[in-house]
Protein chains: 2
Amino acid sequence: MARVTEIIGEGWTLMVLREAFLGTRHFNEFERELGIARNILADRLKKLVEAGLMERAASTTDRRVVEYRLTWSGQALFPVLIGLTQWASEHLCDGQASMRFVEKESGREVAPVGVLSADGRPLKLADIAMVAGPDADPSLGARLAKAAER
Amino acid sequence: MARVTEIIGEGWTLMVLREAFLGTRHFNEFERELGIARNILADRLKKLVEAGLMERAASTTDRRVVEYRLTWSGQALFPVLIGLTQWASEHLCDGQASMRFVEKESGREVAPVGVLSADGRPLKLADIAMVAGPDADPSLGARLAKAAER
DNA sequence: CACATAGGTTGCAAAGTACAACCAGTATTG
DNA sequence: CAATACTGGTTGTACTTTGCAACCTATGTG
């Protein structure tokens, strides 16, 4: 989570990613849509590329333009972004969604992002426990054990 | 999403929320576990309370201590946090998960957070479309329409 | 009463952000 | 082919946020 914060916790990065999901590819386009300072945008795009979420490719037709695209890693964040948007609509904008996510084929709105068990049953918060992974540092293990007591 | 950035896009907030999910309640505890500056922590907690994600309550037994707890709004972010953690394990720490999420009853790891259709089928990224909601500003509608062409 | 503890606030130095100007390659236009 | 414009940057400088340490108030403890 600390590593997550280093990337998307930085101001603007989440907005840049949203833009990318909306199909924005070019430096100027990001700048215009977001109203972000150019040096900050350059820095964020560089970091996103370094982190492997986006890739930078020169256009073959016009050698001035550079295309920034989401890598597979970056695209894998889509469910999280959707969940975040759904959460914001419900809890920050009291139900007023400015954007909806629908299944292309049927046009029906997708289900709220939630946590499922290994065999596909929806889980409630109370049904979920956190446990330390194999290479977690010992202090985390102790804290999780303590948290589990509650 | 802009409103989301104002809250969790700010440095430390995501870490504070993670701590809260781990059961941390007190100012000093947050400070010790996170190594965050006290003024920043005070500011973040205040903003989280103002945004309705956490609530501040004076303890009845010891009148010095204040309890910070996640509200229902804050708890509703848990699936997103889980998704983010799963994503980080896979794409930032090449599969090395320091924390796992399991179903309490069976102890089995939960499924990766994903997007489901209204009737519960898992959806791929390519199956999902974004459409403007009822009270979106017109420019967003135009952009989504253009994005849908691709 | 003296001292410790919880939860802050304040002041200052360092880092990060915003704004504007500038610059180097490429296209496009006359 | 020269002048202009566009893309994707990189400075420089002012302003804001962050980090660190010290201090403060209200409560509890020996």
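Numbered from 1 within each chain, the chains take letters A, B, ... in sequence-line order.
A search for side-chain contact (heavy atoms from CB on, under 4.5 Å) contacts involving R32(A) returns E29(A), not counting sequence neighbours. Partners of R63(A) under the salt bridge (Lys or Arg N to Asp or Glu O under 4.0 Å) rule, at least two apart in sequence or in another chain, do not exist in this structure. The salt bridge (Lys or Arg N to Asp or Glu O under 4.0 Å) search around E6(A) returns none, not counting sequence neighbours. E90(B) meets the salt bridge (Lys or Arg N to Asp or Glu O under 4.0 Å) test with no other residue; sequence neighbours excluded.
Here the P atom of nucleotide dT17(C) and the CG atom of L34(A) are 15 Å apart, to the nearest Å. A straight line from CZ of F27(B) to P of dG8(C) spans 6 Å, rounded to a whole angstrom. One can place CD1 of I40(B) at 13 Å from C1' of dA14(C), the figure rounded to the nearest angstrom. Atom CZ in R38(A) sits about 15 Å away from atom P in dC23(C), given to the nearest Å. If you measure from atom CD1 of I36(B) to atom P of dG8(C), you get 13 Å, rounded to the nearest angstrom.
In the hydrophobic clustering (ILVMFWY side chains linked at under 4.5 Å, chained through shared members), W72(A) stands by itself.
Screening residues 11-20 of chain B for salt bridge (Lys or Arg N to Asp or Glu O under 4.0 Å), with sequence neighbours left out, gives R143(A)-E19(B). The salt bridge (Lys or Arg N to Asp or Glu O under 4.0 Å) contacts involving residues 34-43 of chain A comprise E31(A)-R38(A), D43(A)-K47(A), where partners must be two or more places apart or lie in separate chains.
In this model, a donor atom of one side chain and an acceptor atom of the other lie less than 3.5 Å apart for S59(A) and T61(A).
Taking the side chain as every heavy atom from C-beta outward, I8(B) and V80(B) never approach each other to under 4.5 Å.
At a cut-off of 3.5 angstrom, the base of dT26(C) holds no donor-acceptor pair with the side chain of R63(A).
With a heavy-atom cut-off of 4.0 Å to chain A, the contacted part of DNA chain D has its first and last nucleotide at dC6(D) to dG12(D).
Contacts with DNA chain C (heavy atom under 4.0 Å) in residues 9-22 of chain A: W12(A), listed by number. Contacts with DNA chain C (heavy atom under 4.0 Å) in residues 41-61 of chain B: A42(B), R56(B), listed by number.
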Report, one line per pair, each donor and acceptor closer than 3.5 Å where one atom sits in a side chain of residues 97-104 of chain A; sequence neighbours left out.
unit_1, atom_1, unit_2, atom_2, d
R100(A), NH1, E109(A), OE1, 3.1
E103(A), OE1, S106(A), OG, 3.1
E103(A), OE1, R121(B), NH2, 3.3
E103(A), OE2, R121(B), NH1, 3.2
E103(A), OE2, R121(B), NH2, 3.2
K104(A), NZ, A126(B), O, 3.0

N/O donor to acceptor pairs below 3.5 angstrom from side-chain atoms of residues 48-58 of chain A, sequence neighbours left out:
unit_1, atom_1, unit_2, atom_2, d
R56(A), NE, Y68(A), OH, 3.4

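Distances shown here put a side-chain N or O of N28(B) below 4.0 Å from the OP1 or OP2 atom of dA6(C).
Mapping N39(A) and D62(A) onto DNA chain C by nearest heavy atom places N39(A) at the nucleotide closer to the 5' end. Residue-to-nucleotide proximity on DNA chain C shows that, of R64(A) and V66(B), the 5′-proximal contact is made by V66(B).
Y68(A) comes within 4.0 angstrom of sugar-phosphate atoms only, judged by non-hydrogen atoms across all strands, and of no base.
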